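Note that the structure is a prediction, hence the values are computed from the model and not measured.
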Amino acid sequence: MDSKTTEPSGVSIPLLSSESQGCNSSNGVDFHGKRQNGTSSVPTTLLFSTLIAVFGSYVFGSAIGYSSPTQSGIMHDLNLGVAQYSIFGSILTIGAMIGAIMSGRIADYAGRRVAMGFSEVFCILGWLAITFSKVAWWLYFGRLLIGCGIGLLSYVVPVYVAEITPKNLRGAFTAVHQLMICCGMSLTYLIGAYVNWRILSLIGIIPCLVQLLGLPFIPDSPRWLAKVDRLKESDSALQHLRGKNADVYQEATEIRDYTEAFQKQTEASIIGLFQLQYLKSLTVGVGLMILQQFGGINGIVFYANSIFISAGFSESIGTIAMVAVKIPLTTLGVLLMDKSGRRPLLLVSAVGTCLGCFLAALSFVLQDLHKWKGVSPIIALVGVLVYVGSYSIGIGAIPWVIMSEIFPINVKGSAGSLVTLVSWLCSWIVSYAFNFLMSWSSAATFFIFSSICGFTVLFVAKLVPETKGRTLEEIQASLNSYSSKR
């Protein structure tokens with residue numbers, strides 16, 4: 001690799017070769033000029049910071065999972081029809097779009113920690129509004145506030161974790177975001193089977209408070225601190241995150257040089273992102289989010305109980321089976337992220353979701369034809385489980401991992417807001433339309449999802465780069481530069 005690559009504006013971006021990248025070097029020089037041995041252990045500060053951050057992911061998951069086990073209780077207690085409950089389920093995504101629009105700006109100007117804290121205030125107020133609601137409007141208002149909170153969290157959590165983590169651990173640590181979403185969703189399903197919907201919303205406040213109280217005890221992102229010219233704090237935060245005996249000289253130098261180079265360019269607005277130099281990053285980031293959502297995930301997890309009932313299967317057994325599949329396979333995806341790479345996991349995941357939707361569609365076809373009545377509910381369950389398991393192992397986490405990796409620091413806020421906004425817009429379309437699509441034709445609904453998942457395979461094979469084992473600066477410079485190819 002060349003030592004430099006030139007941006008179209010003429011800014012030289014320093015690039016270190018992979019052999020010279022610093023945080024794991026065993027013979028580097030620290031800030032005090034001392035030779036020291038590297039360490040393979042993961043520093044406590046890095047683990048604790050990641051844990052506090054991904055409590056926000058748990059909040060995200062619990063908010064998404066809330067509408068499934070509470071559907072019958074809320075509709076009965078507040079006398080809501082299917083259309084009104086569809087508004088309740090989907091209004092979360094309206095709030096998330098609002099949060100997504102704000103997410104990049106808040107995270108860029110106030111910092112990643114402040115953005116996470118701000119989001120939890122929205123979530124706590126939202127859960128309280130749902131808990132004490134007596135009419136549908138308060139229910140909607142609370143769900144909208146929670147949506148604003150998780151719209152912020154869905155951007156800032158993976159970005160923060162990616163920015164604090166060394167390259168050899170970044171994929172796995174960032175994928176913990178999806179694992180905690182999975183845990184939040186799954187535990188909400190299980191707890192919701194045994195408690196009233198008002199109590200379940202109160203329980204939702206607990207992880208919000210855990211993150212809010214833990215944020216003052218973790219460092220902010222070294223890359224964000226460098227971006228706002230707090231260089232000493234950036235060096236100090238990096239040293240804490242890597243361990244007091246770690247050599248961080250090369251990594252700190254690369255962060256500083258790369259940030260200073262991009263500071264010479266003006267920060268791009270969302271409109272300013274549509275330039276040739278950012279075309280590939282935008283195509284990959286936005287494309288993955290669109291395909292992730294139009295593959296049907298939010299319709300399936302928002303209304304899992306009603307799907308199992310429509311298929312003639314026990315909703316409680318189906319929900320427990322989903323949890324039993326989802327958590328282990330999400331964990332497997334985390335463990336494989338930095339071993340197999342992003343692209344292979346995405347390809348396997350997309351093929352699996354395509355097959356799962358096809359099986360679910362087949363079960364509804366058999367049901368409509370009154371064939372194999374004893375088998376079709378089992379095929380539906382197998383299809384949903386294959387879909388959820390395949391989604392969990394790859395396509396659930398990896399688009400967020402890649403989104404946090406591919407945009408340079410001068411456009412990360414605007415680009416992250418745009419990608420997150422697109423994700424939630426697509427999520428709203430799917431979650432709002434899902435019940436109506438199922439009423440129209442359950443089989444056709446799942447055939448549509450299966451086709452989109454099949455297209456995802458082609459998209460990944462043709463366009464998505466492998467980012468495993470590369471620093472953020474290497475990834476961003478290679479994707480967002482074209483002049484060197486002239």
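Of the possible donor and acceptor atoms, none in the side chain of Ser236 sits under 3.5 Å from a partner among the backbone N and O of Lys232. With hydrogens and angles disregarded, no donor-acceptor distance shorter than 3.5 Å links the side chain of Ser186 to the backbone of Cys183. When atom types are taken as modelled, the side chain of Ser349 and the backbone of Leu346 share no donor-acceptor pair closer than 3.5 angstrom. With Ser392 contributing its side chain and Leu329 its backbone, the two residues share no donor-acceptor pair below 3.5 Å. Without hydrogens or angle criteria, Gln292 side chain to Gly396 main chain gives a donor-acceptor distance under 3.5 Å. No side-chain donor-acceptor contact under 3.5 Å links Ser423 to the backbone of Met289. Using a distance-only test at 3.5 Å, with no hydrogens or angles considered, no donor-acceptor pair links the side chain of Tyr66 to the main chain of Gly192.
For the side-chain contact (heavy atoms from CB on, under 4.5 Å) with Ile205, the qualifying choice from Leu125, Val59, Leu128 is Leu128, the only one to do so. Shown are Arg342, Arg223, Lys468; of these, the salt bridge (charged side-chain N to carboxylate O under 4.0 Å, His left out) with Glu405 is made only by Arg342.
To the nearest 0.5 Å, atoms CD1 (Ile101) and CG (Leu152) are separated by 11.0 Å. To the nearest 0.5 Å, the span separating CG on Leu179 from CD1 on Ile327 amounts to 7.5 Å. To the nearest 0.5 Å, atom CH2 of residue Trp224 and atom OH of residue Tyr160 are 11.5 Å apart. Once rounded to the nearest 0.5 Å, the distance linking SG of Cys208 with CD1 of Ile146 reads 7.5 Å. Once rounded to the nearest 0.5 Å, the distance linking CH2 of Trp400 with CD of Gln178 reads 9.5 Å. Taking SG of Cys453 as the start and CG of Leu355 as the end, the distance is 10.5 Å to the nearest 0.5 Å.
Closest approach of Phe446 to Phe434, counting heavy atoms only: CZ-CZ, 4.4 Å. Contact record, Gly151 with Thr420: O-CG2, 3.7 Å, taken as the closest heavy-atom pair. Between Ser390 and Thr353, the shortest heavy-atom distance links the atoms CB-N, 3.5 Å. The nearest pair of heavy atoms linking Gly394 to Pro399 is O-CD, 4.1 Å. Here the closest non-hydrogen pair linking Ala193 and Pro69 is N-CB, 4.4 Å. The minimum heavy-atom distance linking Ala129 with Gly142 is given by the pair CB-CA, 3.6 Å.
For the residue pair Ser62 and Thr188, no side-chain donor N or O sits within less than 3.5 Å of a side-chain acceptor on the partner. For the residue pair Tyr387 and Ser450, no side-chain donor N or O sits within less than 3.5 Å of a side-chain acceptor on the partner.
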Next on the checklist: Run the side-chain contact (heavy atoms from CB on, under 4.5 Å) test on Leu212 and Ile124 for me, step by step, so that the C-alpha distance in whole Å, both residues' side-chain angles and the decisive distance to 0.1 Å come before the verdict.
Outcome noted: CA-CA 10 Å; Leu212 202 56; Ile124 290 170; 4.0 Å; yes
Item to check | Full working for ring-ring contact (aromatic ring centres under 6.0 Å, His included) between Trp424 and Tyr155 | outcome: CA-CA 11 Å; Trp424 284 111; Tyr155 166 73; over 10 Å; no
Next on the checklist: Please evaluate residues Ser133 and Tyr140 with respect to the criterion side-chain contact (heavy atoms from CB on, under 4.5 Å), reporting the C-alpha separation (whole Å), side-chain torsions for both, the decisive distance (0.1 Å), and the verdict.
Outcome noted: CA-CA 9 Å; Ser133 60; Tyr140 300 157; over 6 Å; no
Item to check | side-chain contact (heavy atoms from CB on, under 4.5 Å) evaluation trace for Lys227 with Asp108 | outcome: CA-CA 9 Å; Lys227 178 181 181 292; Asp108 272 0; 4.3 Å; yes
Next on the checklist: Does Val351 form a side-chain contact (heavy atoms from CB on, under 4.5 Å) with Leu347? I'd like the steps, not just the answer.
Outcome noted: CA-CA 6 Å; Val351 169; Leu347 289 169; 5.6 Å; no
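Side-chain contact between Asp235 and Arg256: present, with at least one pair of heavy atoms (C-beta onward) separated by less than 4.5 Å. Residues Phe173 and Ile164 are not in side-chain contact: their nearest non-hydrogen atoms beyond the backbone lie 4.5 Å or more apart. Counting only heavy atoms from C-beta outward, the side chains of Val176 and Val161 never approach each other to under 4.5 Å. Counting heavy atoms from C-beta outward, Met180 and Pro207 have side chains that stay 4.5 Å or more apart. You'll find the side chain of Ile398 reaches within 4.5 Å of the side chain of Met337, heavy atoms only. At a threshold of 4.5 Å between non-hydrogen side-chain atoms, the residues Tyr58 and Gln211 do not count as touching. For the pair Ser414 and Arg105, the minimum side-chain heavy-atom distance is below 4.5 Å. For the pair Leu78/Phe88, no side-chain contact is recorded, criterion being any heavy-atom separation below 4.5 Å from C-beta on.
Other residues, nucleotides and ligands contribute more than 12 heavy atoms inside 6.0 Å of the CZ atom of Phe459. Surrounding CZ of Phe455 are at most 12 heavy atoms belonging to other residues, nucleotides or ligands under 6.0 Å away.
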Would you list the atom pairs, donor with acceptor, under 3.5 Å between side chains in residues 43-50 and any protein atom, with sequence neighbours excluded?
| residue | atom | partner | partner atom | Å |
| --- | --- | --- | --- | --- |
| Ser49 | OG | Thr45 | O | 2.7 |
| Thr50 | OG1 | Leu46 | O | 2.8 |

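Residues Arg113 and Asp220 are paired through a salt bridge, judged by an N-O separation under 4.0 Å between the basic side chain and the carboxylate.
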